[in-house]
Asker: 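I'd like to ask some things about the structure below.
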Amino acid sequence: MSAFDSTALLLTGMVLLLSLLLWLYPRRSSRLPPGPGFALPLLGHLHLMGKDPRATFRKWRRQYGDIFSLYMGRQLTVVLNGHKVIKEALVKRGDAFSDRPDFGKLADTVSREKGVVAASGAELKTVRKACLEILREFGMGKNLLAEKIQEEVTEYIRTIASKDGQPFDMTHLTQISVSNNICSILFGKRFDYNDQAFMDYLKAHDNLSAGQSSSLALIFPALRHIPGDPFKAHKFVQDFRLLLETFIQPIVTRHIQELDSGSNPPEDFITAYLRRVRQDEADQKVSYITEKSLPMVIFHLFGGGTGTTATTLRWAVAYFLHHPDVQEKCHKEIMEVIGDDRRPTMQDRPEMTYLEATTMEVLRIANVAPLGVPHATSCDVSFAGYTIPKGTTVIPNLDSVLHAPEVWEDPDTFRPERFIGPDGNLIRYEEFIPFSTGRRVCLGESLARMELFLYLAAMIQHFRFLPPEDGQLPSLEGSLGFTYTPMPFTFRAVPRCK
Ligand code: HEM
């Protein structure tokens with residue numbers, strides 16, 4: 001090859017590389033909301049996000065305003081901040097802002113089904129409606145379910161009492177117990193607190209919600225083949241498979257066999273959903289309610305019903321340990337309304353303003369889903385003077401509402417009294433949106449609120465929470481993955497004397 005040929009080859013290579021980089025380099029159009037400048041090819045602004053996106057978003061909000069944009073990889077993403085903007089988008093313009101983005105190619109290697117959390121458009125409408133109707137059939141928000149939860153709470157309290165006031169970590173016990181409530185609805189059964197297989201499933205669920213995989217791994221599934229799994233991509237696929245294929249799918253298959261063979265499957269969510277599938281088939285209706293999508297729907301309800309409520313209970317105990325006065329005020333109210341010789345019931349709830357205010361303050365300050373779940377635009381939208389294209393990922397930054405200093409005085413101070421008015425009644429702030437707002441508001445909100453009340457009332461009725469003998473208090477700085485969880489801690493649950 002002559003020197004001329006090699007130079008030409010080198011130049012052509014450089015031009016091709018430059019074109020590829022330019023093609024990969026995300027550029028923001030002038031009609032988009034402003035945002036950080038330098039986006040890398042492939043990574044976009046991921047390298048600027050830091051360990052705690054909440055802190056980065058607070059900084060960018062100060063710099064660019066309530067609506068800013070960035071690139072997560074090559075995906076255009078708009079972050080909405082403050083109650084006014086989030087309400088405007090998710091509630092008033094809910095028609096345009098209620099889709100979900102593609103949750104990543106790594107998840108697609110396990111299943112492409114959308115279930116409920118990842119569904120958009122007509123599929124979302126049909127599946128969400130069916131889920132809500134069936135959950136209500138099984139008593140969500142009603143006494144029937146409250147009684148079931150009370151039985152689970154009784155078992156939970158018995159197990160805590162068996163610790164004899166010695167220090168323990170409540171994480172696994174609380175997770176299994178809370179998960180049993182949604183499992184009773186979904187599968188018609190609860191799991192023993194020592195069931196090792198179930199504990200492994202919960203561990204896999206924990207790993208997924210801790211967001212162990214990097215954002216890069218979610219976008220580039222091939223990273224799971226790198227030896228040593230540095231991006232935790234292989235682990236993500238393993239955990240996802242364990243839950244979907246080893247835990248949930250066999251239960252669904254058993255229900256299908258029982259239903260089709262005329263034997264009696266348990267009267268639970270799966271059977272109710274399958275009856276709808278069969279009905280739509282009999283009516284020859286083209287429907288999104290299908291046998292194939294059912295395992296993913298169950299995966300989402302199981303996931304939603306397992307992590308967040310248990311995490312909120314752990315945050316509540318962490319704050320009680322830091323604020324014994326709040327614990328005592330809750331106990332005093334419980335003694336006045338319920339006493340110590342019967343179980344708390346849902347009928348007691350309206351009388352218990354201080355416990356309710358305390359629960360709301362825990363939900364606000366701990367804010368277990370600080371960035372919500374990403375939404376996506378279903379069409380090109382003109383919004384606040386910008387044009388946001390169809391398919392843009394939208395992050396409703398709930399942290400910007402629940403910790404807004406203009407709404408909550410000293411937002412980082414734990415003070416249940418902020419939810420109680422001068423007349424002694426609860427104040428229902430419009431800005432209190434830990435379950436998000438609009439068409440995709442948390443589907444399990446009333447179940448979660450019922451659980452939080454029944455667990456906390458019974459826990460405080462029976463025990464005084466104290467730090468271990470060395471006085472070590474839990475950190476109030478948690479770990480942020482898909483949810484915001486407390487760091488592991490131990491405490492003593494000392495029985496209250498009758
Ligand atoms: C303290 C407890 C809980 C909190 C703080 C919480 C919070 C949230 C938030 C912020 C969202 C995102 C809404 C959006 O996209 O705008 C969500 C969605 C969801 N939650 Fe919860 N949640 C809790 C408990 C539960 C429970 C007990 C269930 C069980 C059924 C559940 C099931 C779901 C489902 C299925 C979705 C997706 C809804 C959709 O995509 O349309 N959650 N939750």
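First listed ligand is number 1; within each ligand, the first listed atom is number 1.
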Asker: Check if Arg439 has a non-hydrogen atom at a distance under 4.0 Å from any atom of ligand 1.
Answerer: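 It does not; every heavy atom stays at 4.0 Å or beyond.
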
Asker: Using the salt bridge (charged side-chain N to carboxylate O under 4.0 Å, His left out) criterion, which residues pair with Glu291? Sequence neighbours excluded.
Answerer: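 Only Arg278 meet the salt bridge (charged side-chain N to carboxylate O under 4.0 Å, His left out) criterion with Glu291.
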
Asker: Any cation-pi pair here, Arg241 with Phe236, using under 6.0 Å and within 45°?
Answerer: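 No, Arg241 and Phe236 do not form such a contact.
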
Asker: Would Phe453 and Met352 count as a side chain to side chain contact (heavy atoms under 4.5 Å, CB included) here? Give the steps.
Answerer: CA-CA 10 Å; Phe453 173 75; Met352 302 185 57; 4.0 Å; yes

Asker: Within the distance-only criterion (no hydrogens, no angle test), does the side chain of Tyr484 pair as donor or acceptor with the backbone N or O of Gly478 below 3.5 angstrom?
Answerer: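 It does hold such a pair.
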
Asker: Run the ring-centre check on Phe97 versus His375 and record whether the distance is less than 6.0 Å.
Answerer: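 Not close enough - the centres of the two rings lie 6.0 Å or further apart.
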
Asker: For residues 360-367, dump all side-chain donor-acceptor pairs below 3.5 Å to protein atoms at least two apart in sequence or in another chain.
Answerer:
{"residue": "Glu361", "atom": "OE1", "partner": "Arg364", "partner atom": "NE", "Å": "2.8"}
{"residue": "Glu361", "atom": "OE1", "partner": "Arg418", "partner atom": "NE", "Å": "3.2"}
{"residue": "Glu361", "atom": "OE2", "partner": "Arg364", "partner atom": "NH2", "Å": "3.2"}
{"residue": "Glu361", "atom": "OE2", "partner": "Arg415", "partner atom": "N", "Å": "2.7"}
{"residue": "Glu361", "atom": "OE2", "partner": "Arg418", "partner atom": "NE", "Å": "3.0"}
{"residue": "Arg364", "atom": "NH1", "partner": "Leu402", "partner atom": "O", "Å": "2.9"}
{"residue": "Arg364", "atom": "NH1", "partner": "Pro411", "partner atom": "O", "Å": "3.0"}
{"residue": "Arg364", "atom": "NH2", "partner": "Pro411", "partner atom": "O", "Å": "2.8"}
{"residue": "Arg364", "atom": "NH2", "partner": "Thr413", "partner atom": "O", "Å": "3.4"}

Asker: Assess whether ring pair (Phe, Tyr, Trp, His ring centres under 6.0 Å) is satisfied between Phe138 and Phe269, documenting all intermediate values.
Answerer: CA-CA 8 Å; Phe138 285 93; Phe269 184 98; 7.2 Å; no

Asker: Are the ring centres of Tyr193 and Tyr156 closer than 6.0 Å?
Answerer: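 Between Tyr156 and Tyr193, which both carry aromatic rings, the centre distance is not below 6.0 Å.
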
Asker: Could you enumerate the protein N, O or S atoms under 2.8 Å from atom 21 (Fe) of ligand 1, written like residue then atom name?
Answerer: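 Checking every protein N, O and S atom gives Cys442 SG.
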
Asker: Is it true that Pro396 lies under 4.0 Å from ligand 1, counting heavy atoms only?
Answerer: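 Contact absent.
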
Asker: Is there a heavy atom in Leu398 that sits closer than 4.0 Å to ligand 1?
Answerer: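 Yes; Leu398 lies near enough to ligand 1 that a heavy-atom distance drops under 4.0 Å.
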
Asker: Test of understanding: given a 4.0 Å heavy-atom threshold, classify the contact between Val117 and ligand 1 as side chain, backbone, both, or neither.
Answerer: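 Both parts.
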
Asker: Using the test ring pair (Phe, Tyr, Trp, His ring centres under 6.0 Å), find all partners of His172 that sit at least two apart in sequence or belong to another chain.
Answerer: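 Here no residue qualifies.
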
Asker: Can you sort out which atoms of ligand 1 are near Val368, meaning under 4.0 Å from one of its heavy atoms?
Answerer: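 Result: 5 (C).
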
Asker: Would one find an N or O of Thr437, backbone or side chain, under 3.5 Å from an N or O of ligand 1?
Answerer: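 No; every N/O pair is 3.5 Å or more apart.
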
